[in-house]
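Please read the structure below before turning to the comments.
Every chain is numbered from 1, with letters handed out A, B, ... down the list of sequences.
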There are 2 protein chains.
Amino acid sequence: MARPKKENRKDDILEAGLEVFADKGYYNTTTALIAEKAGISQPYVFKFFKTKEELFVAALDRAYERILQAFEIEAEPEDLVNDMIKIYEELTESNPNEIALQLIGLSVTEDAIRNSTRLGLASIRNHTLEKFQSAEIPNAEEQVSTFLARGILCNISHFINMPELIDGGGR
Amino acid sequence: MARPKKENRKDDILEAGLEVFADKGYYNTTTALIAEKAGISQPYVFKFFKTKEELFVAALDRAYERILQAFEIEAEPEDLVNDMIKIYEELTESNPNEIALQLIGLSVTEDAIRNSTRLGLASIRNHTLEKFQSAEIPNAEEQVSTFLARGILCNISHFINMPELIDGGGR
DNA sequence: TTAATTAGTGATTGATTAATCACTAATTAA
DNA sequence: TTAATTAGTGATTAATCAATCACTAATTAA
């Protein structure tokens, strides 16, 4: 009963995992749900990922990669910070799953996942810091910290549906 | 075999729950672990809390209460923001469990827990906003947003042990 | 054409754990 | 002193789910 329709099975599963994990969190996501979304049987997941944890790490890494990719831009020094904020806002709309997964990864205590989170955050921080420094932004490190803080509050605000956390409670 | 030593059983359990949840997260915490820490048997937990979820909500509410309490201060308008930042830093050292639980609550998808998180965050935001407004801080709403953002990044930085997120990567 | 490989599945298992049940011992009240 | 209540436990259960196993059908290579 092999249906040779799709050839990117591993990628299908990764993408399905990204979606389901982002929606339900790590622990409430079953491998059966991911399989269903990917259009395969539950055991077949394990042909590509040894464990659920490994699959989550792969999805989390992909999410961080996509966030990093979005920041690969050229901008005039004077526009840099504003451009990056704009990019992040757009990303929040266009790739909500990647953003949600980032947040979910933060409070998963499993070691491998914690490490992926650390690596992902560190790479975003480093990338941003380099950009800020190249643009000769004064007090770059503090500015990066503020940038990250606002970004994460933005994620939270979307994820738990509390817009007043960032829009000042207006309208 | 009733041992009438302790009379604050419910409180013991709540406190034990706060600790274990903060350490292991919601899903990796078993009611057996909490019972062990509280010095009682696992089934006895359910005499005080109908479900594990109800217990978590109680612990989360307590955590938010304590955070709010800490902000109940009098300060000269010109010192307000700095005082509040200092208080928050101290709280992070003195009550790490409350801070951790706040973060953990953010990515638990269960409805009742999500609602407690929203209530807790809203009350912190409102309290802070009132203080800032009373002190006639210009742009109070934006300042509150920044204050919250920095606070949460601070929590994350402690929780996942990545000091460079807030201290600028120095030392 | 047939052997080997690849793609895939249904059924099962073993571990975990929230929650319940059926109790017992101690304490308090009458 | 005894009846009722309170405090507590050990054993069990029912559900969930990651992971494995034992397969089958299709595809490719010889």
Notebook entry, point to check: Between A:Phe56 (CZ) and D:dA18 (P), how many Å, whole number?
Noted result: 14 Å
Note to self: Identify the stems formed by DNA chain C, where each pair is Watson-Crick or G-U wobble with both distances under 3.5 angstrom and a stem is at least 3 consecutive pairs.
What the structure shows: C:1-30 with D:1-30
Checklist line | side-chain hydrogen bond (donor to acceptor under 3.5 Å, both in side chains) partners of A:Asp79, counting only residues at least two apart | finding: none
Notebook entry, point to check: Among pairs that include at least one residue of residues 19-46 of chain B, which meet salt bridge (charged side-chain N to carboxylate O under 4.0 Å, His left out), considering only residues two or more places apart or in two chains?
Noted result: B:Glu19-B:Lys37
Note to self: Tell me whether B:Lys10 forms a cation-pi arrangement with B:Phe49, defined as NZ or CZ under 6.0 Å from the six-membered ring centre and within 45 degrees of its axis.
What the structure shows: yes
Item checked: d(CD, B:Gln42; P, D:dG10) in whole Å -> 11 Å
Margin query: Donor-acceptor check, side chain of B:His127 to backbone of B:Phe71, threshold 3.5 angstrom: yes or no?
Written below: yes
Notebook entry, point to check: Going by number, which of residues 44-55 of chain A have a non-hydrogen atom under 4.0 Å from DNA chain C?
Noted result: A:Tyr44, A:Lys47
Checklist line | Protein-nucleotide distance (A:Lys10, atom NZ; C:dG8, atom C1'), rounded to Å | finding: 17 Å
Note to self: Once salt bridge (charged side-chain N to carboxylate O under 4.0 Å, His left out) is applied, what residue pairs with a partner in residues 98-107 of chain A remain, sequence neighbours excluded?
What the structure shows: A:Arg66-A:Glu98
Next item on the list: Measure the distance from CD1 on B:Ile13 to C1' on D:dG8 and round it to the nearest whole Å.
Entry: 11 Å
Margin query: Filter on salt bridge (charged side-chain N to carboxylate O under 4.0 Å, His left out), then keep only pairs touching residues 145-154 of chain A, sequence neighbours left out; what's left?
Written below: none
Check: Applying salt bridge (charged side-chain N to carboxylate O under 4.0 Å, His left out), which residue pairs with at least one partner in residues 82-96 of chain A are found, sequence neighbours left out?
Finding: none
Next item on the list: State which residues pass salt bridge (Lys or Arg N to Asp or Glu O under 4.0 Å) with A:Arg62; sequence neighbours excluded, sorted by chain then number.
Entry: A:Asp11, A:Glu15
Check: With sequence neighbours left out, what residues match B:Ser157 under side-chain hydrogen bond (donor to acceptor under 3.5 Å, both in side chains)?
Finding: none
Next item on the list: Apply side-chain hydrogen bond (donor to acceptor under 3.5 Å, both in side chains) to B:Thr117 and list each qualifying residue two or more places apart in sequence or on a separate chain.
Entry: none
Check: Can you check whether B:Arg9 has a side-chain N or O nearer than 4.0 Å to OP1 or OP2 of D:dG8?
Finding: yes
Next item on the list: Kindly write out the residues that satisfy side-chain hydrogen bond (donor to acceptor under 3.5 Å, both in side chains) with B:Thr128, not counting sequence neighbours, or none if the list is empty.
Entry: none
Next item on the list: Kindly state which residues belonging to residues 23-35 of chain A come within less than 4.0 angstrom of DNA chain D, counting heavy atoms of the residue only, listed by number.
Entry: A:Thr29, A:Thr30, A:Thr31
